[in-house]
Amino acid sequence: RYFLNQTSALEGGVRYHNNGADDQSLHYDGTELYLGGQMPVWNGARAYLQFSTRDYAYREADASNLLHPATARDETENRTTLGVTHDIRSGALKFWSLNAQLAHTNNDSNLEEYDYDRDVVEVNLRRYFY
């Protein structure tokens, strides 16, 4: 949904994931809930914030997991992403966009070797060709 003359937006939804695999210890199903938004922060730039939570239920245990050979993984991944994109409107990089973001992921698993927290910082330069 757009607001304020289409300068700000909110989005949200539900997704279903099915990662089919012949090896049932790699096959998982799950749902995802997500919510995000964006808004202008200065001329030519917009900030965005996204939240998502995903549940993964694996079909079978991984027999090669020596610590838990009979337990199938059951996980919840929570991710928060904060970023800013600046559209370059003049000079040698006209029509390019500079993007920077920080993403934090917290993965909770019933098997402790799959529990983790991760922070990823990304900076990229991109151009769309129309």
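Just so you know, these numbers use all the heavy atoms, side chains as well, and skip hydrogens, waters and symmetry mates.
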**Message:** Determine whether a donor-acceptor pair (N or O, by modelled atom type, separation under 3.5 Å) exists between the side chain of H27 and the backbone of A21.
**Reply:** yes
**Asked** Are any side-chain N or O atoms of N99 and backbone N or O atoms of N124, one a donor and one an acceptor, separated by less than 3.5 Å?
**Response** no
Using side-chain heavy atoms (C-beta onward) and a distance below 4.5 Å, is [X] in contact with [Y]?
{"X": "T85", "Y": "R126", "value": "yes"}
{"X": "E11", "Y": "Y34", "value": "yes"}
{"X": "N65", "Y": "L111", "value": "yes"}
{"X": "Y56", "Y": "R73", "value": "no"}
{"X": "R89", "Y": "F95", "value": "no"}
{"X": "H68", "Y": "E112", "value": "yes"}
{"X": "R118", "Y": "R79", "value": "yes"}
{"X": "H104", "Y": "D117", "value": "yes"}

**Prompt:** Which pair of heavy atoms, one from S90 and one from I88, lies closest together, and at what distance?
**Reply:**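 Of all heavy-atom pairs spanning S90 and I88, the closest is O-CG2, 3.4 Å.
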**Complete:** side-chain contact (heavy atoms from CB on, under 4.5 Å) with E77: of N106, T53, D55, T105, only one passes, and it is T105
**Asked** Hey, what do you get for CD (Q38) to CZ (R46), rounding to the nearest 0.5 Å?
**Response**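 One finds 5.5 Å between CD of Q38 and CZ of R46.
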**Message:** I'd like to know whether D115 forms a side-chain hydrogen bond (donor to acceptor under 3.5 Å, both in side chains) with S109, so could you lay out the CA-CA distance, the side-chain angles of the two residues, the decisive distance to 0.1 Å, and finally the verdict.
**Reply:** CA-CA 5 Å; D115 272 351; S109 178; 4.9 Å; no
**Request:** Take T81 and L49, measure what side-chain contact (heavy atoms from CB on, under 4.5 Å) needs, and give me the verdict at the end.
**Result:** CA-CA 6 Å; T81 305; L49 181 61; over 6 Å; no
**Message:** With clusters defined by side-chain heavy atoms of hydrophobic residues (ILVMFWY) lying less than 4.5 Å apart, directly or transitively, does L82 cluster with V123?
**Reply:**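 No, V123 does not connect to L82 through the hydrophobic network.
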